Structure formats: structure tokens, C-alpha cells
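Read through the structure below, which is laid out as C-alpha cells, and then see the notes.
Residue numbering restarts at 1 for every chain, and letters A, B, ... go by the order of the sequence lines. No hydrogens, no waters, no symmetry mates; every other heavy atom, side chains included, goes into these values. All figures in this text were calculated on a predicted structure; none of them were measured in a lab.
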Number of protein chains: 2
Amino acid sequence: MSKSNNVYKDAYNRCLRLLDETKSLPSEPELGTLLGVSRTTVRSILARMEETGLIAWNKRSKTVLRAPRPDDFFPEEETDTLAEIIERSFMRRLLAGGAEAGMQINELELAREIGVGTTSVREFLIRFSRFGLIEKRRNSHWVLKGFTRAFALELTEIREMFELRSAAAFAALPEESPVWADLDRLEDEHRLLAREIASRFNEFSELDERFHRLIHRASHNRFIVDFYDVIAMIFHYHYQWNKAQERERNEVAVAEHLVYIAALKSRDLGKVDAACRKHLKSARNTLLTSIPEAGSRNVLDARRA
Amino acid sequence: MSKSNNVYKDAYNRCLRLLDETKSLPSEPELGTLLGVSRTTVRSILARMEETGLIAWNKRSKTVLRAPRPDDFFPEEETDTLAEIIERSFMRRLLAGGAEAGMQINELELAREIGVGTTSVREFLIRFSRFGLIEKRRNSHWVLKGFTRAFALELTEIREMFELRSAAAFAALPEESPVWADLDRLEDEHRLLAREIASRFNEFSELDERFHRLIHRASHNRFIVDFYDVIAMIFHYHYQWNKAQERERNEVAVAEHLVYIAALKSRDLGKVDAACRKHLKSARNTLLTSIPEAGSRNVLDARRA
DNA sequence: ATAATGTCTTTTATCGTGAAAAAACATTTT
DNA sequence: AAAATGTTTTTTCACGATAAAAGACATTAT
């Protein structure tokens with residue numbers, strides 16, 4: 001097997017959802033832009049849709065014949081990229097097994113266990129290494145540094161440094177900047193979520209990321225913007241394993257965000273600084289409470305504790 | 001060809017240099033630690049040294065028979081890792097060709113041009129991407145972001161943030177910390193270099209890196225420590241292309257380092273901050289003067305200007 | 001003339017393979 | 001017994017090959 005066609009399958013599924021809305025599909029290049037794939041993939045999608053009787057396709061005319069049924073969709077798991085599959089497996093091992101700091105990581109073993117080639121695992125590890133959780137020994141194996149309290153503290157230290165600076169830059173942005181409209185929109189979403197927090201608290205994580213990324217972008221510094229990938233990754237998995245008081249935590253965070261947003265809109269640097277610090281402090285505490293032990297104990301131990 | 005034996009060749013060369021000093025070599029594990037390679041490689045080295053009549057090898061006894069001659073050494077270029085070879089080729093293209101920002105990078109073409117497999121090029125690009133000079137388009141090519149003024153400014157902004165914090169942490173380290181001895185040793189080296197700056201100015205770059213890495217390490221933050229790799233990489237190539245007033249620049253930098261060191265030893269945070277700022281400011285200016293044009297012009301243009 | 005479709009070429013993503021190097025195990029020496 | 005040497009196994013590194021996907025070129029339709 002050389003390469004899975006997950007790009008095609010994922011785009012196909014997304015295209016199916018488009019079918020519900022219109023009675024005929026746009027041109028091939030337009031569809032390509034819409035789905036974020038090349039025309040080659042678009043044509044494969046159209047070919048299959050014609051085959052399964054979803055559309056009638058003749059050159060420019062692509063008429064929708066019937067609404068898509070559940071079984072028209074490709075199974076979810078077939079639409080994931082290899083990188084996602086490897087990351088998920090790796091993180092599961094990291095969070096679930098006895099993943100002690102200092103433990104060595106075996107590329108071959110990982111590859112066999114996940115059922116992929118070693119090349120993909122190697123590439124994943126190289127990409128993953130920027131998160132600071134693993135480290136390579138020169139012409140030898142990788143070493144796990146562990147999801148420790150030290151890691152969380154180092155991560156949040158940088159985060160605070162970067163976000164305080166970004167928030168200040170944000171507040172100094174001119175009135176005409178489009179970010180203010182983005183911020184207004186995010187504020188509305190926050191108010192909406194705050195009102196329905198009881199049922200929708202699990203939607204916060206996604207909103208949180210969009211909000212902080214908007215702020216970080218104001219720094220106009222690629223290193224700051226890129227660093228948010230590290231934070232996002234950690235918080236993504238953090239949200240998955242630490243469900244304790246999720247509702248309460250998110251409720252508090254939404255409120256903090258609203259204060260933070262108000263501070264930004266006031267352009268008062270003092271207020272911005274205070275609101276930002278307060279929110280980041282509680283974010284740090286949330287993260288830290290899930291890694292209670294000092295030193296070598298891992299996340300699973302932390303959960304058991 | 002599956003894998004070059006550069007590890008062996010490099011270790012062999014380094015081992016040859018050891019021969020000059022002693023009349024017999026230590027045990028295999030000891031040699032392994034000394035050279036930073038496994039026993040397997042040590043044994044290959046010993047086997048060849050026996051073959052070429054450099055040593056008599058019988059179990060524990062490894063007697064040196066003759067001094068190594070120049071032709072005993074493997075050629076320098078055969079001791080480089082593939083990663084080094086690819087990096088050098090890539091940087092040469094980046095700095096010498098019409099490497100405009102926005103230009104796309106072709107893995108296959110790069111691999112063919114350098115004469116290596118695509119996998120190695122891919123892995124290199126992934127590793128290299130953390131320097132912020134290239135970016136990947138989802139399931140498509142890499143894009144060059146260009147060695148622009150904006151890049152230099154973003155880089156130095158982070159550097160200043162990180163180093164000011166590290167320097168403050170350094171100054172706050174207790175008397176017993178071994179870093180003070182390291183600092184004393186570095187100070188001596190600086191004084192020595194300052195005295196002979198006329199002939200040894202080109203040795204500064206290496207000393208510079210060791211000095212700044214020592215300071216960054218005081219942050220005890222892996223993200224700060226790791227970020228110095230980005231700075232080191234940029235300055236490494238910067239030193240190679242920008243030879244204008246090299247002697248003068250380095251002379252000034254050595255003097256600034258000495259002030260900086262004195263400030264650290266005084267433990268006076270105000271002084272440390274001032275000395276650090278002053279040095280980083282001139283480092284930034286040095287870097288910026290080699291990228292004079294705003295926006296899209298590249299390094300070669302900059303050199304011509 | 002512009003923008004679509006149809007066709008062909010190139011590049012990317014992934015695997016299996018084999019040599020280099022590391023690591024593990026077994027045996028001998030001090 | 002501890003530490004070395006000798007031997008075998010495992011892992012890492014790098015390649016060529018191949019299908020998926022992107023991209024380029026040619027042709028046709030509005």
C-alpha cells in the first residue's frame with residue numbers, strides 16, 4: 001500500500017453535505033477551491049457521485065438527482081490523515097500507558113503497533129518534537145521527556161509572555177483594523193455560549209482556541225503565532241482527559257474571556273494586562289491541577305490520584 | 001545505497017587524533033563513550049586500524065604501532081551526515097539563487113539536485129520548518145517565506161524577550177551554582193580573545209554561541225533553550241555571508257560581552273538588563289544591516305546592495 | 001476571450017527493503 | 001563478581017518504487 005485516498009474520501013463526504021443545499025453543483029475549479037482539493041480529486045468525487053446515482057454529470061451540468069443517504073458517506077475513520085492516526089495512537093500511549101519520563105521511544109515498534117511504515121512514524125516524531133515532549137539522541141532513539149509539572153510550567157511561562165505582548169499589540173491596533181469586527185463576532189459567540197453554558201459547555205474548547213489565536217495573531221510574529229500550536233495541542237488533549245468540573249471551569253473561562261474582550265475594546269493597557277493575567281493564571285491552574293505530582297509521575301498517575 | 005557509514009568515518013578520524021596522545025587505547029566501551037558511538041562502530045574502527053598497521057589489536061591490548069599520517073584520515077566530506085549535506089545545499093540555494101519569498105520548494109527537484117532520496121529531503125524540510133523560513137501547504141508543496149527584514153525583526157523580538165528573562169534568572173542564581181565557574185571560564189576566554197582580536201576575530205562566533213547558550217540555560221525553560229537553535233542557525237549563516245567589518249563587529253561584541261559578564265557577576269538586575277539590552281541591540285543591528293531592503297528582496301540582493 | 005472541461009505529467013505520500021549502527025546477550029578474562 | 005570481549009538481534013537511516021493527488025497543458029464550450 002502506497003498512499004491512502006483519505007483526501008478524496010474526506011472531500012467526498014464534505015461534498016455530500018453540499019448536495020443538500022443546492023440543486024446543481026458549481027464548476028470543477030470552483031468545487032476544488034470550496035473543498036480545498038485539486039481538480040483531479042474533484043473529478044474523482046464527481047465520477048463516483050454519478051456512479052452512485054447522486055448526480056447526473058455531463059460536462060458543465062451537474063444536476064443533483066437525490067439527497068445523500070447515511071450510507072453514501074465514507075466511514076469517518078477512513079477520512080483521517082496518517083499523521084492524525086499516528087498522533088492519536090501516540091498520545092493514547094503517552095497518556096494511558098506507563099509512560100515514564102526517560103523512557104525510550106521505538107520507531108519500529110510504534111510503526112508495527114499502529115500498522116504503518118516507519119517513515120511516517122519518523123516524520124511524525126520529527127514534527128512532534130517541537131512540542132518539547134520528546135527529544136532525539138544523536139544517531140539513536142527518541143527519549144520521552146514526560147508530561148510533567150515542569151513541562152506545564154515551562155509551557156505556560158512562554159504562553160504568558162507571548163500572550164501579554166500580543167494582547168498589548170492587539171489593544172494598540174487602529175480602529176480600522178478588521179480584527180475589531182472579528183472580536184465583536186467572537187464576543188457575540190461568547191455571550192451566546194454563556195447563556196446556554198449548561199448544555200453547550202463542551203463547545204468552549206473550540207471557541208477558546210479561536211479567541212486566543214486571534215489575539216496571538218496581533219503580535220505579527222510568526223514565532224508567537226506558531227507557538228500557539230504547542231498550546232493548542234496540549235490543551236486539546238488536556239480537555240480530553242480532564243473532564244473534572246468541565247462545566248464550571250468553562251463557565252469561569254467564558255466569563256474571563258468576556259472581561260478580557262471588554263478590556264481589549266477599552267484600549268486601556270492596564271485593564272488588558274490585568275484581564276489577560278487573570279485568565280492565563282486560571283488556565284495555568286486548570287492545567288496544573290491535572291498534573292499534581294512533582295517530577296516524574298505521568299498523566300495517568302495524575303488521573304488516578 | 002541504503003545508508004552511508006559517515007558515523008564510522010567521522011569517529012575513525014577522531015580516533016586517529018587520539019592515537020597521537022597515547023601509546024595504547026582504552027577498552028571498547030570506554031572508547032565508545034569517548035567518541036559518542038556504539039561498541040559496534042568502535043570495533044569497526046579498531047579492525048581498520050589493525051588492518052592499516054596503526055595498532056596491534058589482541059583482545060584487551062591495543063598498542064599503537066605508528067603515528068597516523070594525513071592519508072590515514074577519511075576525507076572530510078565523507079564524514080558529514082546527510083542532514084548536514086542537505087542543509088548546506090539548501091542554504092546555499094536560499095542565499096545565492098533568486099530565492100524570492102513566495103517561491104515554491106520542490107522536494108523531488110531538491111533531492112535530485114543534491115543527489116539524495118526524497119525521504120531525507122522531506123525529513124530535512126520538516127525539521128527546518130521550525131526556523132520559520134518555510135511553510136507547508138496542506139497536501140502540497142512547501143513555500144519559501146524568505147529571509148526578509150520582517151523575519152529578522154520577528155526573530156530578534158523573541159530573542160530579546162527570552163534573553164532578558166534568562167539573564168535575570170542567571171543573575172538570581174545562588175552563589176553555589178556551577179554556572180558561575182562556567183561564566184568565569186568564559187570570561188577568561190573573552191579576555192584572551194580580546195587581547196588577540198586582530199588575528200583571532202573569526203573565533204568569536206563559536207564563543208558567542210557558547211556564552212549565550214549558557215545564559216539561556218539559566219531560564220530552565222526548554223522552549224527558551226530550544227529557541228536558541230533558531231538564533232544559532234541564522235547567525236551561523238549570517239556570519240558566513242556577511243564578512244563586512246567582521247573584525248570591528250566582533251571586537252565590539254567581545255567588549256559588550258565583558259560588560260554583560262561583569263553585570264551578571266554584580267547580580268545587579270538593573271545593570272544586567274542594561275548590558276543585555278545594549279548587546280542585543282547591536283546584534284540586531286548587525287543582522288539588519290545585511291538585510292537592508294524592506295519586504296521581498298532576498299539575501300543575495302542585500303549583499304549586492 | 002475567458003473559463004470550463006478533458007488529458008497528460010509531475011510531485012507528494014507511503015511502503016518495503018537492505019545496509020549501518022546500536023543494543024542485547026553470551027562468553028571470557030582479570 | 002565486575003568488566004571486558006565476542007556474537008547475535010534489533011533498530012535506525014536512507015533508498016527506490018508505486019498509488020494518490022496536484023498541477024500543467026490542450027481542447028472545447030459559452
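- Out of C:dA22, D:dA21, C:dA4, the shortest distance to the side chain of A:Thr40 is found at D:dA21.
- In terms of phosphate contacts, A:Ser2 brings no side-chain nitrogen or oxygen within less than 4.0 Å of OP1 or OP2 of C:dC15.
- Using a cutoff of 4.0 Å between basic side-chain nitrogens and carboxylate oxygens, A:Lys9 and A:Asp80 are not scored as salt-bridged.
- Side-chain to base pairing of B:Lys3 with D:dT12: one donor and one acceptor N or O lie within less than 3.5 Å of each other.
- Which of D:dT5, D:dA22, D:dT28 sits closest to the side chain of B:Lys59 comes down to D:dT5.
- Judged by distance alone, with hydrogens and angles left aside, the side-chain atoms of A:Asn13 form no donor-acceptor pair with the main-chain N or O of A:Phe73 at under 3.5 Å.
- Close to D:dA21, at under 4.0 Å from its OP1 or OP2, lies no side-chain N or O of B:His141.
- If you check every strand for non-hydrogen atoms under 4.0 Å, A:Lys9 touches nothing.
- Of the listed nucleotides (D:dT11, C:dT12, C:dT14), D:dT11 has the atom at the smallest distance from the side chain of A:Asn106.
- A:Leu31 comes within 4.0 angstrom of nothing in the nucleic acid, heavy atoms only.
- Salt bridge B:Arg66/B:Asp72: present, at least one basic N to carboxylate O contact under 4.0 Å.
- In this structure, B:Glu28 and A:Thr118 both approach DNA chain D, and ranking their closest nucleotides by distance from the 5' end singles out B:Glu28.
- Of the candidate nucleotides C:dT5, D:dT7, D:dA22, D:dA22 has the atom nearest to the side chain of A:Thr41.
- Using a 4.0 Å heavy-atom cutoff across all strands shown, B:Ser4 reaches sugar-phosphate atoms only and no base atom.
- With salt bridges taken as basic N to acidic carboxylate O contacts below 4.0 Å, none links A:Arg222 and B:Glu135.
- Under 4.0 angstrom from either OP1 or OP2 of D:dA22 there lies no side-chain N or O belonging to A:Arg39.
- Distances were taken from every side-chain heavy atom of B:Ser120 (C-beta onward) to each of D:dC15, C:dT30, C:dA21; the shortest belongs to D:dC15.
- For B:Thr119 against D:dA14, a side-chain-to-base donor-acceptor contact under 3.5 Å is absent.
- Under 4.0 angstrom from either OP1 or OP2 of C:dT11 there lies at least one side-chain N or O belonging to B:Arg112.
- Remark: B:Lys62 is in phosphate contact with D:dT5, judged by side-chain N or O atoms under 4.0 Å from OP1 or OP2.
- Judged by distance alone, the side chain of B:Lys62 and the main-chain N or O of B:Pro26 form a donor-acceptor pair under 3.5 Å.
- Dashed line: the shortest gap from a side-chain N or O of A:Asn6 to OP1 or OP2 of C:dA13 is not under 4.0 Å.
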